[in-house]
Amino acid sequence: MSDCLFCKIVSGDIPSQKVYEDETVLAFRDINPQAPVHILVIPKTHIDSAAAITAQNSGVVAHCFEVIAQLGKDLAGGFRVVSNCGPDAGQTVPHLHFHILGGRPLAMEMA
Ligand code: 5GP
Ligand code: ZN
């Protein structure tokens with residue numbers, strides 16, 4: 001999608017601090033970190049949100065979680081994975097992304 005912020009990060013039109021990249025998945029640092037470690041993991045193909053995951057595109061979503069497991073293993077104290085879906089959940093970028101949050105004890109409240 002030409003007007004999608006994260007598609008532009010995938011294409012390199014918008015720079016990012018990449019921490020992992022392969023053929024189908026990209027991980028980069030959040031521009032406004034909410035924790036000492038705040039990484040976004042995204043499929044390179046455009047998927048609107050978690051509500052748009054289907055049997056046809058879930059392979060790349062599974063791969064996102066393989067990448068999350070690899071990136072998270074360095075976070076000895078644990079980490080949280082969050083995907084905001086839709087306006088009430090605070091999704092601001094309509095390209096599926098998984099936040100990895102860690103590097104300190106996190107608040108117990110999830111909502
Ligand atoms: P959401 O609110 O949709 O769950 O998460 C979107 C995230 O993208 C936010 O945490 C926000 O800080 C991050 N973000 C927005 N614009 C950019 C950008 O241009 N570069 C990077 N690296 N992160 C961004
Ligand atoms: Zn996109």
Side-chain angles (χ1 to χ4, degrees):
M1 291 226 322
S2 56
D3 60 345
C4 170
L5 177 66
F6 286 176
C7 283
K8 287 179 180 166
I9 284 180
V10 170
S11 67
D13 290 343
I14 292 176
S16 66
Q17 274 190 273
K18 294 178 186 176
V19 296
Y20 176 86
E21 181 171 21
D22 64 26
E23 283 186 7
T24 60
V25 171
L26 176 66
F28 54 97
R29 296 199 185 281
D30 196 291
I31 204 167
N32 182 27
Q34 306 293 313
V37 175
H38 188 169
I39 293 167
L40 300 172
V41 179
I42 68 170
K44 286 188 170 179
T45 52
H46 184 91
I47 299 172
D48 285 344
S49 73
I53 297 170
T54 65
Q56 283 67 47
N57 64 24
S58 59
V60 72
V61 178
H63 188 45
C64 283
F65 277 86
E66 293 166 351
V67 171
I68 287 167
Q70 285 304 308
L71 295 174
K73 75 180 179 350
D74 293 331
L75 296 172
F79 59 94
R80 182 169 291 158
V81 180
V82 175
S83 189
N84 297 320
C85 181
D88 280 356
Q91 183 179 9
T92 58
V93 180
H95 179 129
L96 178 64
H97 51 282
F98 299 101
H99 299 255
I100 302 177
L101 297 153
R104 64 161 164 76
L106 300 172
M108 286 300 115
E109 296 80 18
M110 282 204 290

Name all residues meeting the side-chain contact (heavy atoms from CB on, under 4.5 Å) criterion together with Glu66; count only those two or more places apart in sequence or in a different chain, and write none if there are none.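 Checked Glu66 against side-chain contact (heavy atoms from CB on, under 4.5 Å); matches are His63.
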Residue from [options] passing side-chain contact (heavy atoms from CB on, under 4.5 Å) with [X]:
X     : options                   : value
Gln91 : Leu96, Asp48, Asn84       : Asn84
Asp30 : Leu101, Ile100, Leu40     : Leu40
Phe28 : Val41, Val10, Val19, Ile9 : Ile9

May I have the step-by-step check of side chain to side chain contact (heavy atoms under 4.5 Å, CB included) for Ser83 and His97, ending in yes or no? CA-CA 6 Å; Ser83 189; His97 51 282; 5.8 Å; no
Should the heavy atoms of other residues, nucleotides or ligands under 6.0 Å from CZ of Arg80 be counted, would the total exceed 12?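 Yes, enclosed.
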Neighbour count above 12 (heavy atom, 6.0 Å) for Asp74 CG: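 Yes - once you tally the heavy atoms of other residues, nucleotides and ligands closer than 6.0 Å, there are more than 12.
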Can you tell me how far [atom2] of [Y] sits from [atom1] of [X], rounded to the nearest 0.5 angstrom?
X      : Y     : atom1 : atom2 : value
Asn57  : Thr54 : CG    : OG1   : 3.5 Å
Ile42  : Thr24 : CD1   : OG1   : 11.0 Å
Leu106 : Gln34 : CG    : CD    : 11.0 Å
Ser16  : Phe6  : OG    : CZ    : 9.5 Å
His46  : Cys7  : NE2   : SG    : 5.5 Å

Identify the two heavy atoms, one from [X] and one from [Y], that lie closest to each other, and give their separation to 0.1 Å.
X      : Y     : answer
Gly102 : Ala35 : O-CB, 3.6 Å
His95  : Thr45 : NE2-O, 3.6 Å
Cys64  : Pro43 : SG-N, 3.8 Å

May I ask you to say whether Glu21 pairs ionically with Lys44, meaning some side-chain N is under 4.0 Å from a carboxylate O?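 Looking at Lys44 together with Glu21, the answer is yes, because their closest N to O distance falls below 4.0 Å.
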Let me see the working for Leu75 and Lys73 under side chain to side chain contact (heavy atoms under 4.5 Å, CB included), right down to the final yes or no. CA-CA 5 Å; Leu75 296 172; Lys73 75 180 179 350; over 6 Å; no
Please test Val81 against Phe65 for side chain to side chain contact (heavy atoms under 4.5 Å, CB included), starting from the C-alpha separation and ending with a verdict. CA-CA 9 Å; Val81 180; Phe65 277 86; 4.1 Å; yes
Phe98 and Val67: CA distance, side-chain angles, deciding distance, side chain to side chain contact (heavy atoms under 4.5 Å, CB included) verdict: CA-CA 11 Å; Phe98 299 101; Val67 171; over 6 Å; no
How are the rings of His38 and His99 set relative to one another: parallel (under 30°), tilted (30 to 60°) or perpendicular (over 60°)?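 Judged by the thresholds at 30° and 60°, the geometry between His38 and His99 is tilted.
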